[in-house]
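What follows is a set of notes on a single structure, which appears directly below.
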Amino acid sequence: MKRFKKILKWTGIVLLVLITVLSITVAARQNLKYDAPYPNIKASTDTAVINRGRHLVYTTAHCINCHYRGNADSLIDLDKDVPLTGGVEFELPVGNIYSKNITPDMETGIGKRTDAEIARMLRYGVRPDGTAVLDFMPFHNMTDEDLVSIISFLRSQTPVQNKVPDHKLNVLGYLVKAFMVKPVGPTGTVAKSITRDSSATYGEYLALHVSECNGCHTRRDMSGGYIGEPFAGGNDIEGYMSVNLTPDSTGRIFGWSKQNFIDRFRMGKLYPKSPMPWNSFKRMSDTELTAIYNYLHTVKPVKAVYPLNRQ
Ligand code: HEC
Ligand code: HEC
């Protein structure tokens, strides 16, 4: 009996030591620092560049979808700027995450950040203090020209003071942050610019690096890694199943003409809670939508049908 108690005591001590070591490791790994180059990006005050940035932010790169809490459409219809004050809450298994205020406010926004700091954050996922950005924004392969346009537009906004809550991580969140969150960067050399025409090449760039169609329409695992055939659909996102966009007869857009495709986008959101940023994408230009349509017809046809879960 005495021996048993002794074993119990030692097991307890060993466990306690292990838990303490793990907790200290997890705590110490919360603010790991990384390094990444500063892209040579400088904001411009040229109206054409700013307008191009506005189009990307409001439409093709759908920043407003995550950085504005209200109904952007009504402001845009009135020809008003949408204040990108952030604070949009994402309730995830790791905790509650809040998007940031990206207006040029000095205290609560990006006013104190340099152009190169913002560019590095978007391209390499590293904040000015060296910590990793959570990978919500897949713009790592965006061209220099598009980054310049976006940052020029961000700078041109009216600063709005809005203190966004800090992320509220749970135990799983702290573990994930300690061991799994790392900065995500470009997959290769990033082009300085790209020809904006209706070619499949431009469509590929938009679908993968600007609009993130693949992020939802290619199957992914819990940690976000791609496991499915490109664009074959099959992710359950907030109760909605993403559809198969490949040029197979089981694909959702099979038989759609280019005009059908454009018309569908112009309609915007048809299912009120659909997670797809239809209301941003409905403003995409005919050229952009045609480019994406052409690109989707070059991907491998895959047989895949999913039940259409729609509310
Ligand atoms: C899918 C949602 C989503 C989209 C789309 C999105 N963001 Fe974000 N953004 C976030 C979240 C969430 C954070 C907070 C990430 C973190 O703290 O690690 C963030 C953080 C940022 C930051 C860091 C700010 C800071 O001070 O740390 C910048 C800059 C930014 N976003 C700019 C943009 C721009 C520009 C676009 C469009 C080109 C965009 N975002 C599109 C969700 C999004
Ligand atoms: C945030 C996730 C998300 C993103 C990003 C996204 N989609 Fe979707 N998409 C969905 C979901 C979920 C559905 C099914 C619900 C619906 O129809 O709204 C869907 C449906 C569709 C449909 C079928 C519409 C219909 O009427 O049957 C098409 C076409 C489509 N997406 C194309 C695209 C293209 C092209 C892009 C990039 C420009 C894109 N999606 C980006 C999640 C997404």
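Counting starts at 1 for both ligands and their atoms, in listed order.
Near P275, the atoms of ligand 2 lying under 4.0 angstrom from a non-hydrogen atom of the residue are 1 (C), 12 (C). If you number the atoms of ligand 2 from 1 as listed, the ones under 4.0 Å from a heavy atom of R252 come out as 23 (C), 25 (C), 26 (O), 27 (O). The ligand atoms of ligand 2 that sit less than 4.0 angstrom from a heavy atom of L245 are 28 (C), 29 (C), 30 (C), 32 (C), 33 (C). Ligand-side atoms of ligand 2 in range of V243: 20 (C), 21 (C), 22 (C), 23 (C), range being under 4.0 angstrom from any heavy atom. The I253 neighbourhood of ligand 2 comprises atoms 29 (C), with distances under 4.0 Å to a heavy atom of that residue. Of all the atoms in ligand 2, the ones that sit under 4.0 Å from a non-hydrogen atom of I292 are 35 (C), 38 (C). For ligand 2 and C216, the ligand atoms under 4.0 Å from any heavy atom of the residue are 1 (C), 2 (C), 3 (C), 4 (C), 5 (C), 42 (C), 43 (C). Residue-ligand proximity, S99 to ligand 1, at heavy-atom distances under 4.0 Å covers atoms 10 (C), 11 (C), 12 (C), 13 (C). Every atom of ligand 2 with a heavy atom of Y240 under 4.0 Å away is listed here by number and element: 12 (C), 15 (C). Against a heavy-atom cut-off of under 4.0 Å, I102 is close to the following atoms of ligand 1: 28 (C), 29 (C), 30 (C), 32 (C), 33 (C).
Placement of L134 and F179 within a single hydrophobic cluster is found when ILVMFWY residues are connected by side-chain heavy-atom separations under 4.5 Å, directly or transitively.
With hydrogens and angles left out, the side-chain atoms of N31 and T131 include no donor and acceptor closer than 3.5 Å.
The closest protein non-hydrogen atom to atom 15 (C) of ligand 1 is V133 CG1, 4.0 Å. For atom 39 (C) of ligand 1, the closest heavy atom belonging to the protein is M137 SD, 3.5 Å. The nearest protein atom to atom 14 (C) of ligand 1, hydrogens excluded, is given as Y98 O, 3.8 Å; this is a heavy-atom distance. The single protein non-hydrogen atom nearest to atom 26 (O) of ligand 1 is R113 NH2, 3.0 Å, given as residue, atom name and distance. Ranking the protein heavy atoms by distance from atom 16 (C) of ligand 1 puts R127 NH2, 3.1 Å first. The single protein non-hydrogen atom nearest to atom 10 (C) of ligand 1 is H67 NE2, 3.6 Å, given as residue, atom name and distance. Of all protein heavy atoms, the one closest to atom 35 (C) of ligand 1 is I150 CG2, 3.6 Å.
Considering backbone and side-chain atoms alike, L134 places an N or O below 3.5 Å from some N or O of ligand 1. Between Y271 and ligand 2, not a single N/O pair is under 3.5 Å apart. Between H167 and ligand 1, at least one N/O pair is under 3.5 Å apart. Of the N or O atoms in H62, none lie within a sub-3.5 Å distance of an N or O in ligand 1.
Taking a 4.0 Å cut-off on heavy atoms, K269 fails to register as neighbouring ligand 2. Using a 4.0 Å heavy-atom cutoff, E212 is absent from the residues neighbouring ligand 1. Judged by the shortest distance from any of its heavy atoms, A207 lies outside the 4.0 Å radius around the atoms of ligand 2.
Ion pairing of D286 with K258 is absent here, as no side-chain N (NZ or NE/NH1/NH2) approaches a carboxylate O to less than 4.0 Å. Using a 4.0 Å cut-off between charged side-chain N and carboxylate O, K300 and D248 make no salt bridge. A salt bridge does not link K282 with D263: none of the charged nitrogens is closer than 4.0 Å to a carboxylate oxygen. Using a cut-off of 4.0 Å between Lys/Arg side-chain N and Asp/Glu carboxylate O, R52 and D146 are scored as salt-bridged. With respect to the salt-bridge test (charged N to carboxylate O, under 4.0 angstrom), the residues E145 and R196 qualify. The residues D144 and R123 are annotated as salt-bridged, a charged nitrogen and a carboxylate oxygen being separated by less than 4.0 angstrom. Ion pair D115/K42 not flagged as a salt bridge, since none of the NZ, NE, NH1 or NH2 atoms sits closer than 4.0 Å to an Asp/Glu carboxylate oxygen. A salt bridge does not link D105 with K112: every distance from a Lys NZ or Arg NE/NH1/NH2 to an Asp or Glu carboxylate oxygen is 4.0 Å or more. Contact check on D236 versus R219 returns no salt bridge, with no Lys/Arg side-chain nitrogen under 4.0 Å from an Asp/Glu carboxylate oxygen.
In this structure, R220 satisfies the cation-pi test against Y226, with its NZ or CZ atom closer than 6.0 Å to the six-membered ring centre and inside 45 degrees of the ring normal.
Taking atom 8 (Fe) of ligand 2 as the apex, the angle formed with NE2 of H217 and SD of M276 is 180°, to the nearest 10 degrees.
The closest non-hydrogen atom to atom 36 (C) of ligand 1, taken over G86, C63, A61, comes from C63. The heavy atom nearest to atom 42 (C) of ligand 1, considering only P138, G215, C66, G53, is found in C66.
With a 4.0 Å cut-off on non-hydrogen atoms, F265 touches ligand 2 through its side chain and not its backbone.
Separation of the Y98 and F90 ring centroids does not fall under the 6.0 Å cut-off.
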